[in-house]
There are 2 protein chains.
Amino acid sequence: MSSARPDVELSVALDMDAMPGHYIRRLQQVAVRLFSEEVGSELTPVQFAALVAIAQRSGLGQADLAAQIGYDRATIGGVIDRLEAKGWVSRTPSREDRRQNIVAITPAGEQAMAQATAAVQRVQTRFLSPLDSDEQQVFERLCRKLLGYHLG
Amino acid sequence: MSSARPDVELSVALDMDAMPGHYIRRLQQVAVRLFSEEVGSELTPVQFAALVAIAQRSGLGQADLAAQIGYDRATIGGVIDRLEAKGWVSRTPSREDRRQNIVAITPAGEQAMAQATAAVQRVQTRFLSPLDSDEQQVFERLCRKLLGYHLG
DNA sequence: CGTCGATTGACTGCATACATATTATATGTA
DNA sequence: TACATATAATATGTATGCAGTCAATCGACG
């Protein structure tokens with residue numbers, strides 16, 4: 001660590017640690033790291049979320065899928081590319097609307113998802129473990145409230 | 001999936017919205033969007049955080065800087081590239097350790113930071129605005145607690 | 001003084017995330 | 001039918017974030 005000499009005094013002392021945007025970013029980093037520790041490198045957080053969404057509501061096009069889990073439409077294509085390359089989902093042009101690719105999970109995909117599920121739940125447990133049970137509930141409620149207003 | 005293995009949790013329990021990792025990601029998306037709305041495209045959240053850190057503790061090398069604000073060492077290089085291209089920071093080889101690049105903010109950089117500061121504070125206000133004052137304090141406390149355990 | 005382990009920074013590759021443009025296809029309307 | 005508009009998917013460019021590799025360099029040790 002270098003010796004920091006104070007050479008510029010800022011008119012406004014900005015404490016980045018006090019900024020929600022900053023610590024949300026760092027919490028996100030923590031969550032991603034835990035995910036990769038527990039689940040491994042076979043599956044990323046985004047790929048897992050996509051797999052779950054596809055399994056729960058098959059017959060959706062890519063855009064519907066993206067909207068449902070909060071991805072960008074331009075991003076979902078690449079995610080599905082990688083899931084398709086692993087043989088976990090399939091893309092089929094819709095007959096009703098030939099612009100659409102209907103995305104469905106494959107048996108191999110279901111198996112991969114089932115294998116990952118326990119690890120993913122460990123991630124959530126570990127992530128929240130610094131909080132006691134009451135705090136966990138409050139944290140979830142406040143996050144939902146924030147999302148509800150900003151997305152709804 | 002045709003095995004006789006009972007997978008009870010597969011059919012129901014995968015509610016992504018209930019997973020902290022998932023809604024933290026979406027909160028992060030919200031924060032980034034608000035940032036770009038208020039601050040504009042001149043400066044990204046990461047670039048702003050870097051600028052603040054550089055201004056507050058000049059004389060640091062890139063790795064120290066990265067550690068201080070939670071970046072990856074491999075990422076900070078590109079961030080500083082872009083700040084340097086705008087003339088907002090400078091890189092100088094250290095005399096004590098010639099592997100190090102000492103990063104410092106320029107007058108133009110200080111000006112850019114000062115201009116962005118009000119907008120950045122509006123971001124934080126808007127982000128937390130769905131919560132009342134008590135809830136905001138609780139939210140910040142819980143986030144800090146999570147970070148304290150996971151990073152400390 | 002020379003060697004070795006650790007550190008730093010540069011670089012590559014992969015995976016998001018988003019904006020924008022483009023292409024193909026649908027759909028509403030004149 | 002012809003045209004304008006809307007939508008789905010893709011391609012491109014920029015910006016992060018992390019893992020891994022490499023060379024240069026530093027500090028410590030013999």
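Below, chains carry the letters A, B, ... as their sequence lines are ordered, and counting in each starts from 1.
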- Query: On DNA chain D, nearest-nucleotide positions of A/Ser36 versus A/Arg91: which is more 5'?
  - Reply: A/Arg91

- Task: Could you state the atom-to-atom distance from CZ of B/Arg82 to P of D/dG17 in whole Å?
- Result: 10 Å

- Message: Tell me whether B/Arg98 at atom CZ has more than 12 heavy atoms from other residues, nucleotides or ligands lying less than 6.0 Å away.
- Response: no

- Message: For A/Asp81 and B/Asp72, find the nucleotide of DNA chain D closest to each by heavy atoms; which residue's nucleotide sits nearer the 5' end?
- Response: A/Asp81

- Task: Name the nucleic acid region contacted by B/Gly77, choosing base, sugar-phosphate or nothing; use a 4.0 angstrom heavy-atom cut-off, strictly under.
- Result: nothing

- Message: For A/Ser94 and A/Ala74, find the nucleotide of DNA chain C closest to each by heavy atoms; which residue's nucleotide sits nearer the 5' end?
- Response: A/Ala74

- Item | Residue from A/Gln121, A/Arg33, A/Arg122 passing side-chain hydrogen bond (donor to acceptor under 3.5 Å, both in side chains) with A/Glu38 | A/Arg122

- Message: Let's test this: given Watson-Crick or G-U wobble pairing with both distances under 3.5 Å, identify the partner of C/dA30.
- Response: D/dT1

- Under-4.0 Å side-chain N/O to phosphate OP1/OP2 contact, B/Gln100 with D/dT25: no

- Query: Is the CD atom of B/Gln111 crowded by more than 12 outside heavy atoms at less than 6.0 Å?
  - Reply: no

- Message: When you measure from the side-chain N and O atoms of B/Arg25 to the phosphate of C/dA17, is any distance below 4.0 Å, counting only OP1 and OP2?
- Response: yes

- May I ask you to verify if any side-chain N or O of B/Gln47 is less than 4.0 angstrom from the OP1 or OP2 atom of D/dT16? yes

- For A/His22 and D/dT16, what is the distance between atoms NE2 and P respectively, to the nearest whole Å? 14 Å

- Message: Can you see if the side chain of A/Arg98 gets near the phosphate of C/dA26 - specifically, an N or O under 4.0 Å from OP1 or OP2?
- Response: yes

- Message: Just the rounded figure in Å: distance from C1' of D/dA15 to CZ of B/Phe35.
- Response: 13 Å

- Item | Whole-Å distance separating the CD1 atom of A/Ile80 from the P atom of C/dA17 | 14 Å

- Item | Residue whose nearest DNA chain C nucleotide is more 5′ - A/Arg95 or B/Arg33 | B/Arg33

- Task: To the nearest 0.5 angstrom, please state how far the CD1 atom of A/Ile24 sits from the SG atom of B/Cys143.
- Result: 4.5 Å

- Message: Once rounded to the nearest 0.5 Å, what's the spacing between atom CD of B/Gln62 and atom OG1 of B/Thr75?
- Response: 11.5 Å

- Message: When you measure from the side-chain N and O atoms of B/Arg73 to the phosphate of C/dA10, is any distance below 4.0 Å, counting only OP1 and OP2?
- Response: no

- Query: Whole Å only: how far is the CG atom of A/Asp97 from the P atom of D/dA6?
  - Reply: 16 Å

- Query: Does B/Glu42 offer a backbone N or O that forms a donor-acceptor pair with the side chain of B/Lys86 under 3.5 Å?
  - Reply: yes

- Message: It should be established whether B/Gln62 places a side-chain nitrogen or oxygen under 4.0 Å from OP1 or OP2 of nucleotide C/dA10.
- Response: yes

- Query: Do B/Arg99 and C/dT8 have a side chain to base donor-acceptor pair shorter than 3.5 Å?
  - Reply: no

- Has A/Thr44 got a side-chain N or O lying under 4.0 Å from the OP1 or OP2 atom of C/dT16? yes

- Tell me: CG of B/Leu27 to P of C/dA17, nearest whole Å? 13 Å

- B/Arg26 CZ - C/dA17 C1' separation (whole Å): 13 Å

- Would you kindly give the CD-to-P distance between A/Glu42 and C/dC14, to the nearest whole Å? 15 Å

